[in-house]
Amino acid sequence: MMSNETLTAKVTGKIIGSDDDQSGLMSELNAFLKAGGLQTIETRARDKGLSDMVSTWRNSEHPESTSAETIRSLFTQSEIEAFTNKTGQNESGAVSALATQLPRAIHLINA
């Protein structure tokens with residue numbers, strides 16, 4: 001059974017004409033990053049040898065999207081599931097959206 005929050009997100013996506021609307025995910029991602037997630041992501045990036053990539057996102061005017069593999073190495077499965085639950089996207093859609101939005105969010109937070 002779908003939670004009311006997930007159902008609301010799915011209905012909202014249908015109403016605005018897009019199942020893959022990323023505005024909800026961007027809001028959730030920003031909240032996650034501002035609530036200590038940025039430090040968590042930076043620590044995981046350092047531990048996995050991805051610090052240069054995160055630094056590039058931070059300093060680039062138009063950071064490029066990353067890969068699903070990178071997203072899966074920077075976020076835990078439960079964090080990805082939380083994004084899917086809060087946005088109503090399926091897991092592959094959420095990972096794809098995070099691959100686009102994480103570099104932008106990190107740049108904007110540091111801009």
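Model, not experiment: these values are computed from the prediction.
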In short, S51 meets R46 closest at the heavy-atom pair OG-CA, 3.1 Å
According to the ring-ring contact (aromatic ring centres under 6.0 Å, His included) rule, which pairs have a member within residues 88-111, sequence neighbours left out? none
Identify, with sequence neighbours excluded, every residue that meets salt bridge (charged side-chain N to carboxylate O under 4.0 Å, His left out) alongside E91. R72
Determine whether L50 and S73 make a side-chain contact, defined as any pair of heavy atoms from C-beta on separated by less than 4.5 Å. yes
For A45 against V54, the heavy-atom pair lying closest together: CB-CG2, 3.6 Å
Working to the nearest 0.5 Å, report the span between CG of L33 and CG of L108. 10.5 Å
Only pairs at least two apart or in different chains count here, so list each ring-ring contact (aromatic ring centres under 6.0 Å, His included) that has a residue in residues 52-73. none
Just verifying a value: how many Å separate L25 CG and F83 CZ, rounded to the nearest 0.5 Å? 6.0 Å
How many angstroms lie between CD in E28 and OG1 in T84, if you round to the nearest 0.5 Å? 11.0 Å
Can you tell me which residue pairs pass the salt bridge (Lys or Arg N to Asp or Glu O under 4.0 Å) test with a partner in residues 62-71, sequence neighbours excluded? none
Check: residues 34-43 side-chain donor-acceptor pairs under 3.5 Å, at least two apart:
residue: T40; atom: OG1; partner: G36; partner atom: O; Å: 3.2
residue: E42; atom: OE2; partner: R58; partner atom: NH2; Å: 2.3
residue: T43; atom: OG1; partner: Q39; partner atom: O; Å: 2.9

Spacing of N85 atom CG and S78 atom OG [to the nearest 0.5 Å]: 10.5 Å
Heavy-atom closest contact (S65 atom, P103 atom, distance): CA-CG, 4.3 Å
Partners passing side-chain contact (heavy atoms from CB on, under 4.5 Å) against E79 (at least two apart in sequence or in another chain): F32, R44, F75, T76
Which distance, rounded to the nearest 0.5 Å, do you find between the OG1 of T66 and the CG of L98? 11.0 Å
Report the distance from atom CG of N30 to atom CZ of R104, rounding to the nearest 0.5 Å. 12.5 Å
